[in-house]
Amino acid sequence: MLRIRGSAGGTALTGTLYGPGEDPPTYRGAPDDDAPYVWICDSFYEVESGGRIQRIDGEEIRIAFESPMPRGFDDRDRAIEAARAHIRTQFARLGISESDVEIELVDAVDDPLP
């Protein structure tokens with residue numbers, strides 16, 4: 001399991017890449033994906049009202065979340081490339097330049113979630 005974390009504007013977004021032999025979480029509405037690599041991460045966008053308040057670059061904005069959708073890949077490198085693009089896209093939806101997003105890959109065994 002690999003956590004792929006993007007940071008920018010004083011906040012971060014982390015998704016998880018599951019590899020062969022690891023079982024990604026299942027939940028109502030999730031498609032069955034038998035691919036060897038499965039990427040799961042939140043998607044979000046800025047809204048005028050509702051949503052959750054988040055501080056980005058010192059400014060409060062409202063963010064609405066979409067249900068995470070697992071994406072399957074046959075190749076680890078392609079999965080990581082798509083994960084990086086996904087994270088950069090989420091920050092771009094909030095007006096943060098993709099080049100300002102720092103991305104790190106962290107082995108989930110070395111850095112388990114609390």
Side-chain angles (χ1 to χ4, degrees):
M1 206 175 346
L2 185 65
R3 297 210 199 291
I4 303 174
R5 184 177 302 147
S7 302
T11 193
L13 172 64
T14 303
T16 305
L17 179 63
Y18 296 86
E22 299 170 334
D23 292 322
T26 57
Y27 48 90
R28 189 172 162 177
D32 291 331
D33 202 330
D34 293 328
Y37 295 92
V38 177
W39 164 249
I40 299 177
C41 188
D42 288 335
S43 295
F44 50 79
Y45 53 96
E46 187 174 1
V47 293
E48 293 293 321
S49 64
R52 279 186 28 193
I53 295 175
Q54 180 73 37
R55 185 171 284 288
I56 306 284
D57 278 337
E59 179 184 337
E60 286 188 351
I61 62 172
R62 295 182 173 277
I63 297 174
F65 288 84
E66 299 171 348
S67 297
M69 293 301 294
R71 293 182 53 201
F73 300 89
D74 291 327
D75 174 85
R76 183 177 190 269
D77 290 337
R78 175 66 187 114
I80 291 172
E81 178 184 321
R84 289 174 185 263
H86 173 87
I87 290 172
R88 286 188 178 105
T89 296
Q90 300 318 298
F91 281 102
R93 291 170 131 187
L94 304 179
I96 296 174
S97 172
E98 293 181 19
S99 63
D100 291 337
V101 179
E102 294 182 29
I103 296 181
E104 64 178 319
L105 282 60
V106 180
D107 188 317
V109 172
D110 296 334
D111 185 27
L113 290 175

Side chain Arg62, main chain Gly50, donor-acceptor under 3.5 Å:
yes
I need the minimum non-hydrogen distance between Gln54 and Thr11, along with the two atoms involved.
NE2-OG1, 3.0 Å
Does atom CD of Glu66 have more than 12 heavy-atom neighbours from other groups under 6.0 Å away?
yes
Is the shortest heavy-atom distance from the side chain of Cys41 to the side chain of Arg71 under 4.5 Å?
no
Donor-acceptor pair, side chain of Arg76 and main chain of Tyr37, under 3.5 angstrom
no
Do side-chain atoms of Glu60 reach the backbone of Ile53 as a donor and acceptor pair under 3.5 angstrom?
no
For Val106 against Leu2, the heavy-atom pair lying closest together
O-CD1, 3.5 Å
Nearest atoms (heavy-atom pairs only) where Phe44 meets Leu13
CE2-CD2, 3.7 Å
Indicate, with yes or no, if Val47 and Ile56 share a hydrophobic cluster defined by side-chain heavy-atom contacts under 4.5 Å among Ile, Leu, Val, Met, Phe, Trp and Tyr.
no
Heavy-atom nearest pair, Asp100 first then Ala8, reads O-CB, 3.7 Å
Are Leu105 and Ile87 linked, directly or through intermediate hydrophobic residues, by side-chain heavy-atom contacts shorter than 4.5 Å (ILVMFWY only)?
yes
Locate the shortest heavy-atom distance separating Leu94 from Glu46; write the atom from each residue and the value.
CD2-N, 3.8 Å
Residue pair Arg93 / Ser43, side-chain heavy-atom distance below 4.5 Å:
yes
Any side-chain heavy atom of Ile80 within less than 4.5 Å of one from Phe73?
no
Please report the closest heavy-atom contact between Ile40 and Pro24, naming both atoms and the distance.
CD1-CB, 4.0 Å
With a 4.5 Å limit on heavy-atom distance, are the side chains of Val101 and Gln90 in contact?
no
First locate atom CD of Glu48, then atom CD1 of Ile61, and finally report the distance between them rounded to the nearest 0.5 Å.
10.5 Å
CD of Glu22: more than 12 outside heavy atoms within 6.0 angstrom?
yes
Would you call Glu81-Arg84 a salt bridge at under 4.0 Å N-O?
no
